[in-house]
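Worksheet for the structure shown next.
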There are 2 protein chains.
Amino acid sequence: MGGTGEAGRRGDGARRPVGRRPGESGSRDAILAAARDTFAERGFAGATMRAIAARAGVDPSLIRHFFGSKAALFAAAVAAGSDVASHLRDALTGPRDGIGARVADAYLRLWEDPEVGEALRALIRSGVALGGPAEQLLEAIGASDGAPLPLERVLAGTHLLGVAYARFIAQLPAVAALDHDELVELIAPAIQRYLVPDGASRG
Amino acid sequence: MGGTGEAGRRGDGARRPVGRRPGESGSRDAILAAARDTFAERGFAGATMRAIAARAGVDPSLIRHFFGSKAALFAAAVAAGSDVASHLRDALTGPRDGIGARVADAYLRLWEDPEVGEALRALIRSGVALGGPAEQLLEAIGASDGAPLPLERVLAGTHLLGVAYARFIAQLPAVAALDHDELVELIAPAIQRYLVPDGASRG
DNA sequence: ACATCAATTCGCCAGTTGTGGAGTTTCGTT
DNA sequence: AACGAAACTCCACAACTGGCGAATTGATGT
């Protein structure tokens, strides 16, 4: 299925000079950013190293020079999204009052961070089977502090995951167009009811 | 990234005879089933026609003979999962009492159908941008009967989607191990509260 | 019996993919 | 000033990809 090729962000068709560039080039970071974007858009299999290199404005071999292989590049690119759990711990360990809103806010804020958000999209789009962000989120919420209701906490995680999917991946207008605080307010009650069994204290 | 090749479900290494087989071969259906499975496991880009053919026990060219192209095969393979909306209409148009449990039950039952479920997995794994099952589910629930609260209905859809993701795609043990009815009972209240604004009528 | 059509495989092609080797230019250190 | 290491590109390759034409075999209608 012949693609027309990716017009590079930096590549303008003219041959780049060979050899090291003067000063700080930032090529490594450019590659990581391009990889995150491309993996997020097309998934692991659909993203080609040539497309990533073109987007970063470098030669494909430079990717290998820095990262070794496509799999290693993927791992490096999505590293930012690999510890969802730790970012939610604060929100989860706070007082039960308003915990639904706090967790929803923290989770959505995570997705809104450009680096983390693209990494999460890349991970989900690539369908990473084990250790993926979905499992991590769900398990993190479920087993956060040895609470007696891990299952219902996992269900809270599924709701958050579904909201994130609709807002950031499917980009469904109804959900994606909402203001951050608006969305938090809307889903907070449901999260709250899962996290604390008796449905007290509004979001 | 050189794979070792897919050991065919039917292919045993021996050369298959050329020419038409006697009797009903069922090759077309075998191809569709193999395509659904493979697309579900690896996504559109990751699934190769050769892998699908091997899984179905046929020559890759037979796929082209029947379906024309990889894209057309994909479309045919996921057709079963393309009208999520219609299958939920009954559950949504019933009485408000117990609508949460009814919708949750109908939705999960959809995923449990082998044909539909694999089609949905394939669609989500492939990241179909528009018209995908995620959008369809969400929009179907949101706009079902011109109700005054489409947004909150969409949020119910996000929860269901997240549950399905955890149970059928990520296959998170905590959610995947649950009995169907158990799971319905657990999430029904949340769905119910989204679908009817005043949180009346249990499960 | 004969002609027609569908099912099926084989071999091939042009393009793409990830990877690797070899060379060139600059940086950092001594 | 010399020199090793790092950044960077070009070229090539072997494998794989989707797609296609052609040949072979069986089923079906007349």
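Throughout, a chain's letter reflects where its sequence line sits, starting with A, and its residues are numbered from 1. Quick caveat: nothing in here was measured; it's all calculated off a predicted structure.
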Pick out the pairs of N or O atoms, protein on one side and nucleotides 10-13 of chain D on the other, that lie under 3.5 Å.
residue : atom : partner : partner atom : Å
D:dC10  : N4   : A:S61   : OG           : 2.8

Report which part of the nucleic acid B:A53 touches: base, sugar-phosphate, or nothing (heavy-atom distance under 4.0 Å, all strands).
nothing
Whole Å only: how far is the NZ atom of B:K70 from the P atom of D:dC20?
15 Å
Under the side chain to side chain contact (heavy atoms under 4.5 Å, CB included) rule, collect the residues that match up with B:L186, sequence neighbours excluded.
A:L151, A:E152, A:L155, B:L178
Identify whether any heavy atom of B:A47 sits under 4.0 Å from a base atom; if not, whether one sits that close to sugar-phosphate; answer base, sugar-phosphate or nothing.
sugar-phosphate
Applying side chain to side chain donor-acceptor pair (under 3.5 Å) to B:E112 and not counting sequence neighbours gives B:H180
Check the orientation of A:F44 and A:F39. Use parallel for under 30°, tilted for 30 to 60°, and perpendicular for over 60°.
parallel
Tell me every residue that passes side chain to side chain donor-acceptor pair (under 3.5 Å) with B:R36, counting only those two or more places apart in sequence or in another chain.
none
Looking at D:dG18, I'd like to know if its phosphate oxygens (OP1 or OP2) sit under 4.0 Å from a side-chain N or O belonging to B:S69.
no
Quickly work out the A:I63 CD1 to D:dT9 C1' distance and round it to whole Å.
13 Å
Tell me: CZ of B:R64 to C1' of C:dC10, nearest whole Å?
14 Å
Starting at atom CZ of A:F67, determine the distance to atom P of D:dC8, rounded to an integer number of angstrom.
11 Å
OP1 or OP2 of C:dA7 sitting under 4.0 Å from any side-chain N/O of B:H65?
yes
Apply the test salt bridge (charged side-chain N to carboxylate O under 4.0 Å, His left out) to residues A:R109 and A:D105: give CA-CA distance (whole Å), side-chain angles for both, the deciding distance (0.1 Å), then the verdict.
CA-CA 6 Å; A:R109 208 172 291 281; A:D105 174 75; 2.6 Å; yes
Check every atom of C:dT9, C:dT17, D:dC20 against the side chain of B:L62 and return the nucleotide holding the closest atom.
C:dT9
Euclidean distance, atom CD1 of residue A:I52 to atom C1' of C:dT16 [Å, nearest integer]:
15 Å
Can you list everything that forms a side chain to side chain contact (heavy atoms under 4.5 Å, CB included) with A:R102? Sequence neighbours excluded, please.
A:A91, A:P95, A:I99
Can you name the salt bridge (charged side-chain N to carboxylate O under 4.0 Å, His left out) partners of B:D59, sequence neighbours left out?
none
Whole-Å distance separating the CG atom of A:D29 from the P atom of D:dA7
12 Å
Atom CE of A:M49 and atom P of D:dA15: how far apart are they, to the nearest Å?
20 Å
